[in-house]
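Take a look at the structure below.
One-based numbering, in listed order, for ligands and for the atoms of each. Not measured: the values here are computed from a predicted model.
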Amino acid sequence: MEAFEKIFLCASAVVLLIFLCALGYSAGSMGIRLPSQAGEIYCRSDQKLRKVLRNTPPFDHPGVREVAPGKFEAVVIGQTWAFTPDEIDLPVGADVTFVATSADVVHGFLIPGTRVNMMLVPGEVSKFNYRFREPGEYLLICHEYCGRLHHTMSAKVVVK
Ligand code: CUA
């Protein structure tokens, strides 16, 4: 084996090892997780998903509710080109689980400066848990291109 071959083989093994460590650290110590599919919404092909959502819990009542002391559930629907509700009010320190879906096309669900980052896929439920420790107004934006007015699709999370 050539000396250079050995060097490159070793270097790539080291790089792989570094990536694996970074993955382990982010999953183990920082609690970074890939958002997983948390359910499906059954919709026949002759039905409008938007209408089905209106009769499917919890999406028949979008908004925030306290499920246990200090624990909240925020049910959000994304549709072109808005989030329902467009304002989510939470107390400081709230442990909130976002339960969200899309009523039409694929949308994004991103709160910059936090770990909240999901995709809203029509017919699928996305869930993400986060604790807001700092008071403030957080922007919730769509970060998947979803049509002409994609750039206007936003809502806010008010923590106080
Ligand atoms: Cu919704 Cu971009």
Which heavy-atom pair separates Asp60 from Arg54 by the least distance, and what is that distance?
CB-O, 3.1 Å
What protein N/O/S atoms are there under 2.8 Å from atom 2 (Cu) of ligand 1, waters excluded?
Cys142 SG, Glu144 O, Cys146 SG, His150 ND1
Is Trp81 reaching over with its side chain to a backbone N or O of Cys142, donor-acceptor style, under 3.5 angstrom?
no
Below 30° counts as parallel, above 60° as perpendicular, anything between as tilted: where do the rings of Phe132 and Tyr130 land?
perpendicular
Measuring only between side-chain heavy atoms, which start at C-beta, is Ile141 closer than 4.5 Å to Phe109?
no
Would Arg131 and Asp95 pass as an ion pair if we require N to O under 4.0 Å?
yes
Taking C-beta and beyond as the side chain, do Val157 and Ile111 meet within less than 4.5 Å on heavy atoms?
yes
